[in-house]
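The block underneath contains the structure these notes are about, expressed in structure tokens.
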Amino acid sequence: MSNIILVRFNEIHLKGGNKKYFINLLYNNIKNALKEYNCLIESVDNRLIIRDYTNFDEDDIIDNLKCVFGVHSISKARELNNSVEEINDFVANLKIDTSFKCDVNRADKSFPIQSNEYEKILGEIVLNNNPNAKVDIHKPNVTIHIDIRTNGKSFVFYDIIYAYSGLPLGENTDGLLLLSGGIDSPVAGFCMAKRGMRQDILHFDSFPYTSAQAKNKVILLAKQIKKFIGAKYMYVCSMTKLQEEFHLNCNEEYAINLLRRSMIRVANYLCDKYKYKAIITGESLGQVASQTIESLTSTNAVAEYPVLRPLIAFNKDEIISIAKEIDTYKTSILPYEDCCTVFLPKNPIIKPKIKNSLKEESKIDLNTLLKYVIDNI
């Protein structure tokens, strides 16, 4: 009989013949997330079990587990043998002075008592040993969960702590997140990580037009989302030289459009060099001038890799809600400018034509300028 932390998953159950692969991914990601705790992790009968952590705080471990995609829910539990006598004895010693119900999950069909019948038996045991307890099967204050597994073990627990679910960060599924200092892009990274895509980070600045504080703000955002997206590297690319040339030589209405196209070209280079499979942005359809369908089409035209926009149909309130949940919102609203606010045109084009974007780009030595900014990443 020992204390353990029980980890459950849900979407992985749908993976058929690939299920074992995804469980192993989740196991390895949990192992990495908990490496400082020096605990034992076991994969048993569609559950992951954390044990031997007596020198550490359970709540700290659970906080780390909640950030691992693929984890559906977590419980502090007591591990027992699949013995009617042992389970009955344990439940008889529980102290319950409020409304309760028993919930039995009988995965082991060889266990001699069926779930519904065993719930009644255990409820009677609780009532016989706790004079102030009362049964409420609809809205109990306490639910006693008994999870009877096929490996000969049962887990008894009260609380179910829900995590983010999704899919575990995969191997060879790396993407490149374009991280600005705003609210949207950290949320976009979070959403793609929830689908199993590990990401490194690319940030564009315009020093000295943007400040060191603006870059430090993005570095802080990167640190805040690292635990979700598994980032190992952050690239910082100065767009100052390009933006100055756009400002001096091109139609100012196209300044943001040309900048966005150049950002995608830089991302293409990094994807090619470091084998990233996709570019992730925080764009939401119609939110600003650079996010109309025509503007997105124009930037897509120069993309050599898939551009994934997980927030494309989200409204601002939905994005802010997630930003607050993952604790990036307060950092994102710090009042430091980003490169898209530099040389901002009074009336940016909202329906750019690709042929006009190409015409504006022909007014400068774009390839030489791109090589310059790339060489200085």
Side-chain angles (χ1 to χ4, degrees), residues 3-15 18-77 79 145 147 149 155 157 159-175 177 179 186-201 221-234 278 280 308 310 321-328:
N3 292 323
I4 57 109
I5 296 174
L6 188 63
V7 179
R8 291 168 291 264
F9 45 85
N10 60 348
E11 192 170 346
I12 291 174
H13 289 295
L14 305 176
K15 292 302 176 183
N18 294 319
K19 180 177 172 180
K20 186 175 180 180
Y21 167 78
F22 283 94
I23 292 174
N24 287 337
L25 269 184
L26 181 58
Y27 174 92
N28 289 328
N29 291 346
I30 288 174
K31 186 176 180 180
N32 184 59
L34 300 183
K35 58 188 175 183
E36 67 181 271
Y37 297 98
N38 196 33
C39 50
L40 181 65
I41 305 167
E42 296 178 358
S43 176
V44 178
D45 190 23
N46 292 320
R47 300 285 188 268
L48 293 170
I49 299 166
I50 317 297
R51 62 170 85 249
D52 296 345
Y53 51 83
T54 52
N55 294 328
F56 298 97
D57 189 303
E58 277 184 318
D59 292 331
D60 287 343
I61 294 173
I62 288 170
D63 284 343
N64 278 272
L65 286 170
K66 285 165 64 178
C67 296
V68 178
F69 289 116
V71 173
H72 170 64
S73 59
I74 308 157
S75 295
K76 301 175 185 178
E79 183 183 47
H145 299 271
D147 189 11
R149 307 309 301 171
F155 307 110
F157 54 93
D159 296 323
I160 298 176
I161 302 161
Y162 289 98
Y164 292 112
S165 294
L167 295 174
L169 294 184
E171 299 168 342
N172 302 316
T173 60
D174 295 0
L177 172 65
L179 185 68
V187 174
F190 170 85
C191 290
M192 286 312 305
K194 195 173 181 180
R195 303 313 307 151
M197 178 167 278
R198 195 199 73 80
Q199 298 149 78
D200 285 331
I201 293 167
L221 279 174
K223 290 178 178 178
Q224 289 174 325
I225 63 170
K226 175 185 175 182
K227 62 186 177 182
F228 295 115
I229 72 173
K232 299 175 183 176
Y233 301 102
M234 176 176 174
I280 297 94
L308 305 180
S321 177
I322 298 173
K324 289 179 177 179
E325 184 179 350
I326 64 175
D327 203 27
T328 57

*Hey, is the main chain of Asn24 close enough, under 3.5 Å, to the side chain of Asn28 for a donor-acceptor pair?*
yes
*Taking the side chain as every heavy atom from C-beta outward, state whether Lys227 and Lys66 have any atom pair closer than 4.5 Å.*
no
*Can you check whether Leu177 reaches Met192 side chain to side chain, under 4.5 Å on heavy atoms?*
no
*asked:* Which heavy atom of Leu308 sits nearest to which heavy atom of Ala278, and what is that distance?
replied: CD1-CB, 3.8 Å
*Do the side chains of Ile50 and Ile74 get nearer than 4.5 Å, heavy atoms only?*
no
*Does NZ belonging to Lys19 count more than 12 external heavy atoms closer than 6.0 Å?*
yes
*Would you check if the side chain of Gln199 reaches a backbone N or O of Met197 as a donor-acceptor pair within less than 3.5 Å?*
yes
*Compare all side-chain heavy atoms of Lys15 with those of Ile23 and state whether any distance is below 4.5 angstrom.*
no
_Qualifying residues under side chain to side chain donor-acceptor pair (under 3.5 Å), relative to Lys76, sequence neighbours excluded_ = Asp59
*Atom of Ile12, atom of Leu26 and distance for their closest heavy-atom approach*: CD1-CD2, 3.9 Å
*Nearest heavy atoms of Asn29 and Pro168, plus distance in Å*: ND2-CB, 3.6 Å
*Quick one: are Asn38 and Asn55 in side-chain contact, heavy atoms under 4.5 Å?*
no
*Is Ile201 close to Ile229 at the side-chain level, that is, under 4.5 Å between some pair of heavy atoms?*
yes
_Under 3.5 Å donor-acceptor, Arg198 side chain and Gly230 backbone_ = yes
*Counting heavy atoms not belonging to Asp60, are there more than 12 under 6.0 Å from its CG?*
yes
*Sequence neighbours left out, what passes ring pair (Phe, Tyr, Trp, His ring centres under 6.0 Å) with Phe190? Give chain and number order.*
Phe69, Tyr164, Phe228
*Rounded distance [0.5 Å steps], CG in Leu25 versus CZ in Phe22*: 7.0 Å
*asked:* For Leu34, is there any backbone N or O sitting under 3.5 Å from a side-chain donor or acceptor partner on Asn64?
replied: no
*Say whether, by atom type as modelled, one donor and one acceptor occur between the side chain of Thr173 and the main chain of Gly196 under 3.5 angstrom.*
yes
*Over 12 foreign heavy atoms within 6.0 Å of OH, Tyr233*: no
*Take Ser75 and Arg8, measure what side chain to side chain donor-acceptor pair (under 3.5 Å) needs, and give me the verdict at the end.*
CA-CA 9 Å; Ser75 295; Arg8 291 168 291 264; 2.6 Å; yes
*Which heavy-atom pair separates Ile225 from Pro186 by the least distance, and what is that distance?*
CG2-CB, 3.9 Å
_Pairwise side-chain contact, His145 with Ile160, heavy-atom cut-off 4.5 Å (strictly under)_ = yes
*Indicate yes or no: at least one non-hydrogen side-chain atom of Asn46 is less than 4.5 angstrom from one of Arg149.*
yes
